[in-house]
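No experiment lies behind these values; they were computed from the predicted model shown. Just so it is clear: chains get the letters A, B, ... in the order the sequence lines come, proteins before strands, and each one is counted from 1.
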Number of protein chains: 2
Amino acid sequence: MRRMTRQRAAIWDTLGQTDEFRSAQQLHDALGARGESIGLATVYRALQALAESEDVDVLRTADGENLFRRCARREHHHHLVCRSCGRTVEIDGPTVEAWAALVGENHGFRDIEHTIELFGTCETCVQA
Amino acid sequence: MRRMTRQRAAIWDTLGQTDEFRSAQQLHDALGARGESIGLATVYRALQALAESEDVDVLRTADGENLFRRCARREHHHHLVCRSCGRTVEIDGPTVEAWAALVGENHGFRDIEHTIELFGTCETCVQA
DNA sequence: GTTTGTGCAAATATTTTGCACTTGA
DNA sequence: TCAAGTGCAAAATATTTGCACAAAC
């Protein structure tokens with residue numbers, strides 16, 4: 001079903017080089033800088049596939065851009081992102097998970113899903 | 001600073017006609033059906049202004065479209081949206097608010113903001 | 001060898017913007 | 001009057017897709 005190509009290997013590898021979320025464009029640039037010539041459409045297609053198989057996290061910024069990152073953990077989790085430097089912390093929130101499920105049920109909703117992202121300014125950036 | 005024009009009045013009025021979230025496009029169509037000829041750009045500009053002054057709620061769908069709705073309540077709150085019929089329930093969550101603030105602080109982040117949306121299938125749609 | 005992936009360029013879709021013209025206060 | 005608002009069409013953004021070609025398995 002899924003073939004390992006030079007392009008996909010390079011994308012996966014590049015994704016592993018940092019912990020930060022990056023856009024398809026940034027990834028494409030990084031690949032170029034690395035000497036890998038890969039079409040932007042291919043990057044999008046690869047990221048889409050990786051997101052689908054949950055091998056990368058997807059984060060939607062306020063201005064509608066998708067950012068991708070190789071997952072550190074496999075389970076469901078959320079993120080706390082520094083709005084200044086982009087540093088990311090992975091969060092797991094039994095509290096909110098429970099809250100979300102409860103609120104949904106209270107209103108007679110089934111199959112609750114939730115989107116939760118936290119944004120703030122990290123310690124380093126506050127000082128700067 | 002802010003002038004009341006025929007266009008803005010019509011947009012505001014049309015927003016009040018339903019409780020559902022609608023896109024700029026849908027609003028524009030509804031206005032047309034009503035006999036009001038208003039430029040799409042004007043609709044966008046009006047909605048942007050209304051969102052800024054918090055007179056409408058903005059919801060970002062998974063596919064990156066902005067939906068708007070006249071606020072029922074003034075304060076900060078979240079939504080539970082039916083993925084099938086679009087019915088919306090406004091939620092206020094002291095629990096999550098507190099959780100978000102706490103998580104942020106624990107990681108040394110300041111000025112925490114959060115994005116939280118719940119999606120599910122409502123009772124009516126489950127039966128159907 | 002056949003099916004899946006790739007590259008390119010063109011297409012989509014949504015939202016924004018420049019600019020000349022209107023209009024509300 | 002005259003700053004603020006509007007309309008239109010063009011631009012900007014982010015992502016997707018058609019199709020001919022290349023490459024995994």
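B:Arg69 and B:Glu90 are joined by a salt bridge, as a carboxylate oxygen and a charged side-chain nitrogen come within less than 4.0 angstrom of each other.
Distances were taken from every side-chain heavy atom of B:Met4 (C-beta onward) to each of C:dT6, D:dC25, C:dA25; the shortest belongs to C:dA25.
For A:Leu27 and D:dT15, the CG to C1' distance is 15 Å, given to the nearest whole Å. Rounded to a whole Å, the CD1 atom of A:Ile38 is 15 Å from the C1' atom of C:dC8. Between B:Glu52 atom CD and D:dA4 atom P there is a gap of 15 Å when expressed in whole angstrom units. Protein atom CG of B:Asn66 is 17 Å distant from nucleotide atom P of C:dA13, rounded to whole Å. Rounded to an integer number of Å, the gap from CG of B:Asp29 to P of C:dA13 is 14 Å. Taking atom CZ of residue B:Phe68 and atom P of nucleotide C:dT14, one finds them 12 Å apart after rounding to whole Å. Distance CD (A:Glu65) to C1' (D:dA12): 13 Å, rounded to an integer number of Å. Distance A:Arg6 CZ to D:dC25 C1': 18 Å, rounded to the nearest Å.
Listed by first then second residue, pairs satisfying ring pair (Phe, Tyr, Trp, His ring centres under 6.0 Å) with a partner in residues 90-128 of chain B read B:His76-B:His114, B:His78-B:His114, not counting sequence neighbours. Applying the ring pair (Phe, Tyr, Trp, His ring centres under 6.0 Å) rule to pairs touching residues 8-58 of chain A yields A:Phe21-A:His79, sequence neighbours excluded. Residues in residues 111-128 of chain B take part in these salt bridge (charged side-chain N to carboxylate O under 4.0 Å, His left out) pairs, two or more places apart or across chains: A:Arg83-B:Glu113.
Phosphate proximity of C:dG24 to B:Arg8: absent, as no side-chain N or O sits under 4.0 Å from OP1 or OP2. Using a 4.0 Å cut-off, no side-chain N or O of B:Gln7 falls inside it from OP1 or OP2 of C:dT23. Distances shown here put a side-chain N or O of B:Thr42 below 4.0 Å from the OP1 or OP2 atom of D:dG7. At the phosphate of C:dT14, neither OP1 nor OP2 sits under 4.0 Å from any side-chain N or O atom of B:Ser23.
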Sugar-phosphate means primed atoms, P, OP1 and OP2; the rest is base. With that split, encode nucleotides 16-22 of chain D 5' to 3' as B, S or - using protein heavy atoms under 4.0 Å.
BBB----
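For B:Glu36, the side chain to side chain contact (heavy atoms under 4.5 Å, CB included) partners are B:Arg6, B:Ala10, B:Leu31, B:Arg34, B:Ile38, not counting sequence neighbours. Residues satisfying the side chain to side chain contact (heavy atoms under 4.5 Å, CB included) test with A:Ala49, not counting sequence neighbours, are A:Arg2.
Nucleic acid contact for A:Ser37: sugar-phosphate only, since backbone atoms but no base atoms lie under 4.0 Å from a heavy atom of the residue.
At least one donor-acceptor pair closer than 3.5 Å links the side chain of B:Gln26 to the backbone N or O of B:Ser23.
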